[in-house]
Amino acid sequence: MVIEKKDITETVNNMNMPKHIAIIMDGNGRWAKKKLMPRTMGHRAGMSALKRIVQACVKLNLPVLTVFAFSTENWKRPKDEVDYLMKILVEFVNKELTELHEQNIRINVLGDYYCLPRQCQDAIDKALILTTNNTGMIFNIALNYGARAEIIKAVREIAVLVKEEKVLPKDIDESFFSNFLFTREMPDPDLLIRTAGEMRISNFLLWQIAYSELWITDKLWPDFSEEDLLQAIRDYQRRERRFGGLILDKEGDNNA
Ligand code: IPE
Ligand code: IPE
Ligand code: MG
């Protein structure tokens with residue numbers, strides 16, 4: 001008897017899907033340590049997990065996926081580890097680009113990638129140019145990304161416009177400000193997933209996650225599966241998002 005693999009979209013409520021999922025892919029080093037391997041092997045296994053999760057998100061028709069690949073603070077790590085991370089990033093882009101493009105995915109980088117090694121810049125430029133007109137899932141890779149640096153960059157750009165009298169201070173509102181962030185014109189993340197159990201944000205998308213639902217698992221990133229992603233989405237779908245307001249029942253009473 002052939003048992004057909006259940007379509008993953010059947011296990012979640014299609015009417016209440018997140019539009020944007022952001023993931024802090026953490027725990028590669030611990031995964032390797034547990035297996036008595038060098039940390040670099042954890043990063044390699046992390047790349048396979050990333051491939052798996054991108055594919056799952058495509059199947060789910062997710063509009064935007066953002067992954068934290070390298071933070072502005074990760075430069076503090078030993079040079080060998082940083083070099084390896086850059087190397088597998090180039091490898092990932094080069095190996096997966098054709099398939100990502102065929103799937104109509106638009107690749108986008110959050111962060112200033114012009115201070116990365118030449119080979120990384122070239123691989124990224126190639127990916128951005130090839131996929132720029134794609135209309136499917138937006139795949140944001142946060143690379144050399146730090147939310148504070150992103151906010152400061154926005155403030156500087158706006159300050160120049162004010163100085164040149166192109167913008168009045170009173171016209172700077174939330175939606176205006178958002179247009180100066182790397183995520184301009186994208187919905188804010190509905191769901192923020194962090195693997196490897198740390199209860200912190202680590203300078204990721206500070207502005208954009210103001211009302212994101214947080215979902216943290218002890219699973220280490222290389223072990224994170226499609227089923228874990230679905231579990232996160234199912235849990236998200238059970239949450240009541242209030243955005244500071246109240247949920248009123250038919251009689252107008254609040255349900256709290
Ligand atoms: C996440 O895994 C990958 C990056 C930060 C680049 P870590 O390398 O932080 O893994 P742990 O936290 O040491 O286990
Ligand atoms: C966050 O993980 C950055 C990425 C996943 C790229 P870290 O491992 O750098 O975070 P901390 O140091 O535990 O806060
Ligand atoms: Mg970590």
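Any value given below was found using the heavy atoms of this structure, including those in side chains, with hydrogens, waters and symmetry copies removed. Note that ligands are numbered from 1 as they come in the structure, with each ligand's atoms numbered from 1 the same way.
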ask   = For K51, does the NZ atom have more than 12 heavy-atom neighbours from other residues, nucleotides or ligands under 6.0 Å away?
value = no
request  = Anything protein N, O or S sitting under 2.8 Å from the Mg ion (ligand 3): count it and give me the total.
outcome  = 1
For residues 197-204, run the donor-acceptor check on the side chains, cut-off 3.5 Å, and write out each pair with its distance to 0.1 Å, sequence neighbours left out.
residue : atom : partner : partner atom : Å
E198    : OE2  : R30     : NH1          : 3.0
S202    : OG   : R194    : NH1          : 2.9
S202    : OG   : R194    : NH2          : 3.4
N203    : OD1  : A147    : N            : 3.1
N203    : OD1  : R148    : N            : 3.0
N203    : ND2  : E73     : OE2          : 3.1

request  = Check whether any heavy atom of A196 sits under 4.0 Å from an atom of ligand 1.
outcome  = no
request  = Let me know which of Y113, Y84, Y145, W75 forms a ring pair (Phe, Tyr, Trp, His ring centres under 6.0 Å) with F70.
outcome  = W75
query = Any idea which atoms of ligand 2 are less than 4.0 Å away from a heavy-atom of F70?
reply = 6 (C)
request  = Could you list who else is in I138's hydrophobic cluster, with ILVMFWY side chains joined at under 4.5 Å, directly or through other members?
outcome  = V64, M186
ask   = Is any side-chain heavy atom of D228 closer than 4.5 Å to a side-chain heavy atom of I193?
value = no
message = Listing request: all ring pair (Phe, Tyr, Trp, His ring centres under 6.0 Å) pairs with a residue in residues 205-224, at least two apart in sequence or in separate chains.
response = F177-W207, Y211-F243, W221-F224
request  = For ligand 2, note which part of R77 has a heavy atom under 4.0 Å away: side chain, backbone, both or neither.
outcome  = side chain
ask   = Does a donor on one side chain and an acceptor on the other come within less than 3.5 Å for Q237 and R234?
value = no
inquiry  = Using a 3.5 Å cut-off on N or O atoms only, is S71 in polar contact with ligand 2?
reply    = no
ask   = Side chain or backbone of N74 under 4.0 Å from ligand 1, or both, or neither, by non-hydrogen atoms?
value = side chain
message = Using the rule side-chain contact (heavy atoms from CB on, under 4.5 Å), only one of I216, I21, L214 pairs with L192; which is it?
response = L214
Atom 9 (O) of ligand 2 touched by protein heavy atom at under 4.0 Å = yes
request  = Answer yes if the side chains of D188 and H20 hold a donor-acceptor pair under 3.5 Å, and no otherwise.
outcome  = no
message = Under a 4.0 angstrom heavy-atom cut-off, which atoms of ligand 2 come close to S202?
response = 10 (O), 11 (P), 14 (O)
query = Do other residues, nucleotides or ligands put more than 12 heavy atoms under 6.0 Å from D173 CG?
reply = yes
message = Looking only at distances, can you tell me whether any N or O atom of W31, backbone or side chain, sits closer than 3.5 Å to an N or O atom of ligand 1?
response = no
ask   = Between A69 and ligand 2, which part of the residue brings a heavy atom under 4.0 Å of the ligand: side chain, backbone, both or neither?
value = backbone
R194 and ligand 2 - part of the residue with a heavy-atom distance under 4.0 Å = side chain
inquiry  = Need the ligand 2 atom indices (1-based, order shown) with element for anything under 4.0 Å from a heavy-atom of R200.
reply    = 11 (P), 13 (O), 14 (O)
message = Can you report which non-hydrogen protein atom sits closest to atom 5 (C) of ligand 2, along with the distance?
response = M25 O, 3.4 Å
inquiry  = Between V167 and F176, is the side-chain contact (heavy atoms from CB on, under 4.5 Å) condition met? List the steps.
reply    = CA-CA 10 Å; V167 170; F176 179 88; 3.8 Å; yes
message = With a 4.0 Å cut-off on N to O distance, would you call K153 and D112 a salt bridge?
response = no
Under-4.0 Å heavy-atom contact with ligand 1, by part of E198 that carries it = neither
